[in-house]
Amino acid sequence: MMQKCLATQIGKNVQVYIDDVVITSKKGSTLIEDLKETFDNLDKFCLKLNPTKCSFGVPAGELLGFLVSARGIEANPEKIQAIVTMRKPTKLKEIQQLTGRVAALSRFVARLGEKALPFYGLIKQGEKFQWNEEADRAFENLKRTISTPPILVAPKEKEPLLLYIAATPQVVSTALVVEREEEGKLHGVQRPVYFISEVLSPSKQRNPSNEIFSELDEINAQVPILPGSIQNTQEPPEMGQGGPTPHLGAGPGLAAPPGGEGTLVPLRGSPFAYLKVLT
């Protein structure tokens with residue numbers, strides 16, 4: 001119902017998730033105008049709001065467990081502390097609790113599947129698991145990583161996006177980023193939009209190329225991939241450091257087939273590649 005009611009505003013000045021509505025005024029001067037447009041649309045569908053659950057003119061707020069402000073989308077500090085303050089698991093239930101907490105912050109961690117792989121291995125051992133040095137290193141590394149998560153940004157309408165892909169025999173990970181000009185920076189600065197990482201099951205490990213296509217399909221459901229060839233890079237530019245964007249062209253990481261349109265074909269070489277997509 002809300003999707004239909006606010007269809008003309010979604011993506012412009014409104015975001016909706018089921019019955020949660022956020023009016024995102026880009027300027028303070030347009031707040032009243034944005035509110036009026038929203039209330040007019042709600043009135044057309046005879047929908048009413050609960051005043052006790054409404055807040056107006058706030059610079060930041062919590063939405064779906066994340067902190068949203070003009071800075072971007074930030075992880076909830078309480079969820080971060082729940083991981084940072086954890087002791088080393090001594091029971092299977094505690095490892096499952098750890099992986100559950102990590103999954104809640106997965107969109108903020110690049111290549112999370114690789115970082116958490118030792119924990120999944122211990123879960124498979126069941127109640128008789130043995131905590132080892134590999135798991136200990138992964139646990140401490142995860143705490144350091146999760147304690148300083150990046151601030152995610154929302155892509156603007158028609159803004160080009162960059163997609164990075166990292167594939168290993170056990171994990172496929174992707175990072176969706178935008179590149180924007182910022183004052184005082186010589187080159188465009190890349191800011192993360194979303195991270196996705198999936199640990200492959202044994203059947204998928206035998207045919208990892210299908211899983212790469214699956215990852216692309218999942219992202220393509222959100223933004224259509226533009227035709228074009230792929231450039232491989234040894235490492236993606238550091239997020240927020242303003243490194244130059246690699247040139248789009250053919251490369252040995254992932255390459256487009258002859259003609260450049262349609263299916264992406266994984267080749268041997270660097271695990272990193274990128275292509276441009278358009279919202």
Verify, without hydrogens or angle tests, whether Asp20 (side chain) and Val16 (backbone) share a donor-acceptor contact under 3.5 angstrom.
no

Are Ile80 and Asn76 packed together at the side-chain level, in the sense that at least one heavy-atom pair is separated by less than 4.5 angstrom?
no

Keeping Ser25 on the side-chain end and Lys27 on the backbone end, is there a donor-acceptor pair under 3.5 Å?
no

Gln81 side chain vs Pro77 backbone, donor-acceptor pair below 3.5 Å:
no

Would Leu47 and Ile23 show up in the same hydrophobic cluster when neighbours are defined by side-chain heavy atoms closer than 4.5 Å?
yes

Does either side chain, that of Tyr120 or that of Gln170, offer a donor lying less than 3.5 Å from an acceptor on the other one?
no

If you compare all heavy atoms of Ile95 against all heavy atoms of Phe119, which two are closest, and at what distance to 0.1 Å?
CG2-O, 3.8 Å

Would you kindly confirm whether Ile151 and Val193 end up in one hydrophobic cluster when ILVMFWY residues are joined by side chain heavy atoms under 4.5 Å apart?
no

Ion pair check, Glu127 and Lys93, cut-off under 4.0 Å
no

At their closest point, which heavy atom of Pro192 faces which heavy atom of Val177, and how far apart are they?
CA-CG1, 3.9 Å

Please report the interatomic distance CZ(Arg101) to NZ(Lys79), rounded to the nearest 0.5 Å.
11.5 Å

So Leu200 and Thr168, do their side chains get closer than 4.5 Å, heavy atoms only?
no

Expected output: side-chain Lys115 to main-chain Ala110 donor-acceptor under 3.5 Å:
yes

Using the rule given for side-chain contact (heavy atoms from CB on, under 4.5 Å), can you reason through Lys88 versus Asp136, listing the C-alpha separation, both sets of side-chain angles and the distance that settles it, and then say yes or no?
CA-CA 8 Å; Lys88 296 177 184 178; Asp136 198 49; 2.8 Å; yes

Working to the nearest 0.5 angstrom, can you tell me the gap between Leu67 CG and Glu78 CD?
9.0 Å

Could you please spell out the steps behind the side-chain contact (heavy atoms from CB on, under 4.5 Å) verdict for Leu163 and Thr174?
CA-CA 7 Å; Leu163 174 65; Thr174 59; 3.9 Å; yes

Quick one: closest heavy-atom pair of Met86 and Glu94, and the distance?
CE-O, 3.9 Å

Pairwise distance CG(Leu6) to NZ(Lys4) - rounded to 0.5 angstrom
12.5 Å

Worked check of side-chain contact (heavy atoms from CB on, under 4.5 Å) between Val153 and Arg180:
CA-CA 11 Å; Val153 300; Arg180 295 173 179 171; 4.0 Å; yes

Which heavy atom of Val189 sits nearest to which heavy atom of Lys185, and what is that distance?
CG2-CG, 3.6 Å

Find out whether Glu74 and Pro149 are in side-chain contact, i.e. whether some heavy atom of one side chain is under 4.5 Å from a heavy atom of the other.
no

Any idea which heavy atoms bring Phe195 and Arg107 closest together, and the distance?
CD1-O, 3.0 Å

Mind running side-chain contact (heavy atoms from CB on, under 4.5 Å) on Val68 and Val22 for me, showing each step along the way?
CA-CA 10 Å; Val68 182; Val22 178; 5.7 Å; no

Arg111 side chain vs Ala166 backbone, donor-acceptor pair below 3.5 Å
no

All pairs passing ring-ring contact (aromatic ring centres under 6.0 Å, His included) where residues 50-73 contributes a residue, at least two apart:
Phe66-Phe108

Is there a path of hydrophobic side-chain contacts, each under 4.5 Å between heavy atoms of I, L, V, M, F, W or Y residues, that connects Ile83 with Leu92?
yes

Charged N to carboxylate O under 4.0 angstrom, Arg137 versus Glu140?
no

Between CD of Gln9 and CG of Asp34, what distance do you get to the nearest 0.5 Å?
7.5 Å

Test: Lys44 and Asp40 ion pair at under 4.0 Å:
no

Kindly check if the number of other-residue, nucleotide or ligand heavy atoms within 6.0 Å of NZ (Lys12) is above 12?
yes

Is it true that a side-chain atom of Glu198 and a backbone atom of Val171 form a donor plus acceptor pair closer than 3.5 Å?
no

hydrophobic_cluster_shared for Leu42 and Leu35, side chain cutoff 4.5 Å:
yes

Check whether more than 12 heavy atoms from other residues, nucleotides or ligands sit under 6.0 Å from atom CD of Glu33, and answer yes or no.
no

Say you draw a straight line from CG of Leu142 to CG of Leu112; how long is it, rounded to the nearest 0.5 Å?
7.0 Å

For residues Lys91 and Gln97, determine if any side-chain heavy atom of one lies less than 4.5 Å from a side-chain heavy atom of the other.
no

Contact check, side chains of Thr8 and Asn41, non-hydrogen atoms, under 4.5 Å:
yes

Exam field: side chain Lys143 to backbone Val84, donor-acceptor pair closer than 3.5 Å:
yes

Applying ring-ring contact (aromatic ring centres under 6.0 Å, His included) as the test, list every pair that has at least one member in residues 125-153; sequence neighbours left out.
Trp131-Phe139

Before giving the answer on side-chain hydrogen bond (donor to acceptor under 3.5 Å, both in side chains), spell out for Ser197 and Glu114 the whole-Å C-alpha distance, their side-chain angles and the decisive distance to 0.1 Å.
CA-CA 8 Å; Ser197 187; Glu114 295 174 45; over 6 Å; no

Taking the side chain as everything from C-beta on, heavy atoms only, tell me whether Gln15 gets closer than 4.5 Å to Val21.
no

Mind listing the closest non-hydrogen atom pair of Leu105 and Ala75 along with its distance?
CD2-CB, 3.8 Å

Going hydrophobic residue to hydrophobic residue with side-chain gaps under 4.5 angstrom, can you get from Val178 over to Ile196?
yes

